[in-house]
Amino acid sequence: MLGRRYLQNPFPDFVPGEGQTAVSDKQIKSLIKLYVETILEKYDTVADERGDLYVGDAGVSLMFWKLYKSEHTRPMFPDALKQAVAFMSTAKEKCKPYLKRSSERFSFVCGNAGIYAVSAAISMAVEDTKTMANDLAVFKTGMPASLEKMHTKTGCDGFMVGRAGYLSGCYWLNKVLGHKVISDDDVISICQMIIASGREYSKIRKSPSPLAYLHHGTQYLGAAHGMCGIFHMLLDSPWFRTIPISAPKDVLLDIKISIDLFVELQDSVGNFPVSMEDLLTGRDPERRLVHWCHGAPGAVYMLAKAYLIFNEEKYLNAIRLASDLVWNRGVLRKGPGICHGVASGGYVFLLLFRLTNEMMYHYRALKFMELLINPIFQGEARMPDRPYSLFEGVAGTVCFLIDLLDPDQASFPFMDAFH
Ligand SMILES: [Zn+2]
């Protein structure tokens, strides 16, 4: 069909007991090597003005840090940590002009907070305590900045540039550095702002969802700009890490009702609308995006978190349905990346494998790796705008492949449902 966003999946689906073949660790490692060599050869640091995690130097730096952290890849790349430091140092040069902007201080994936969080982890790895202290001090300037204003009408709660992203940075740092760099009280104060903002906007829009959010004039629902990313980070907060849940009752109720209303929006093939506007205008569900940024492949992380906390099968069923959608429609023409490419779908299978331990999902994840070396896919897929970056390009695909070598520890970057 002309104009389709996806290619037909060339592989048969998993059949229990059939002993179907899939790629080996050796093949995965050789693809990692190829991608990393290509990045080192072709990554254009001059074209990146911002240095951020999304498509900039800091994202490539994160990939090298991950290569260093994994025992499967560390011996393959003895200079990985050095490369991580080098890419990070250009990222930090580029982000200097933004240091004074309040909104940049807590912008994570596309802003300074993400750069300094990853830099802190790398500084720890190279045992540079002075730089690490400075990195953390800069990251923490995001805390008061994120609490400054409500910004309800423009939206500043999302994952890419808003409070949810900053929270994900707090959780990531606390985990990676091995101690609480950001206190529970500080985290909760941001969560309270997100709740207040969601309630205020819900009232303005008279939304049936007790929490509603806006990003640049649109009520996005997905992981990158919308509700899923925001609810995920609320569910990751100290409120939900205790048994019983310690969130105030009214807050718990508003979060739970909002999530359950979202789950009801899943269509028969497993996808979700991009935005409330998309839903209300009755856009053809067939045209819905199957990306991490928009659609079911991003929603699954929040649903997994909800499943682990509330233990209700409907969340797991929604993820299984999303996985079927990815299997059938996730061979994306947009290339190999984790935001709107094949690896965004590959991560869905890794998530389900961790959740269920069912071999079908491991098989599907391996097959999505195999797509990357499939001549039909290579011939038909388009080159992303930033082909070597973390979210659009192969730096993110490398992260997926590293996780494929160690599926029990796999997690989409900064969206770990299990920690
Ligand atoms: Zn995307």
Side-chain angles (χ1 to χ4, degrees), residues 3-7 35 47-48 50 52-56 58-60 62-63 107-111 114 155 157-162 164-165 168 213 215-233 270-275 277-278 283 287-303 322-323 325-326 329-351 368 371-372 377 380-401 403 411-415:
R4 247 194 203 165
R5 294 192 177 91
Y6 59 92
L7 303 170
Y35 281 152
D48 166 42
R50 186 62 188 78
D52 65 17
L53 287 171
Y54 190 66
V55 288
V60 179
L62 176 87
M63 177 205 75
S107 172
F108 190 76
V109 181
C110 296
D157 296 291
F159 184 74
M160 299 292 263
V161 296
S168 106
Y213 297 92
H215 177 75
H216 289 309
T218 303
Q219 289 185 78
Y220 286 108
L221 299 173
H225 307 290
M227 282 185 172
C228 287
I230 296 168
F231 295 154
H232 181 164
M233 294 310 146
N271 211 356
F272 293 90
V274 163
S275 61
E277 291 76 3
D278 186 19
R283 186 178 176 187
R287 300 289 301 160
R288 284 175 180 165
L289 300 168
V290 187
H291 298 172
W292 168 78
C293 49
H294 297 295
V300 293
Y301 304 100
M302 182 277 284
L303 294 170
S323 150
L325 168 83
V326 171
R329 302 186 187 194
V331 185
L332 301 173
R333 283 180 187 276
K334 284 191 173 180
I338 60 169
C339 187
H340 34 261
V342 161
S344 70
Y347 262 123
V348 174
F349 304 133
L350 285 179
L351 173 82
F368 261 45
L371 275 175
L372 300 166
F377 175 74
E380 299 268 342
R382 285 191 290 267
M383 182 83 111
D385 292 341
R386 304 301 302 272
Y388 312 106
S389 63
L390 181 63
F391 275 79
E392 283 194 354
V394 291
T397 318
V398 168
C399 294
F400 163 64
L401 296 174
D403 281 336
S411 73
F412 189 94
F414 311 109
M415 277 204 166

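Hydrogens, waters and symmetry mates are skipped; everything else that's a heavy atom, side chains included, is used. Counting starts at 1 for both ligands and their atoms, following the listed order. Throughout, residue positions are numbered sequentially from 1 according to the sequence presented.
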Classify the angle between the aromatic ring planes of Trp292 and Phe391 as parallel (below 30°), tilted (30 to 60°) or perpendicular (above 60°).
tilted
Parallel, tilted or perpendicular: which fits the ring planes of Phe231 and Tyr213, with parallel below 30° and perpendicular above 60°?
perpendicular
Would you say His294 reaches the Zn ion (ligand 1) with an N/O/S atom under 2.8 Å?
no
Give the atom name of whichever N/O/S atom in His340 sits closest to the Zn ion (ligand 1).
ND1
Counting only N and O atoms by type, is there a donor-acceptor contact under 3.5 Å from the side chain of Arg386 to the main-chain atoms of Gly56?
no
So does Cys293 have any N/O/S atom less than 2.8 Å away from the Zn ion (ligand 1)?
yes
Do His340 and His294 have ring centres separated by under 6.0 Å?
no
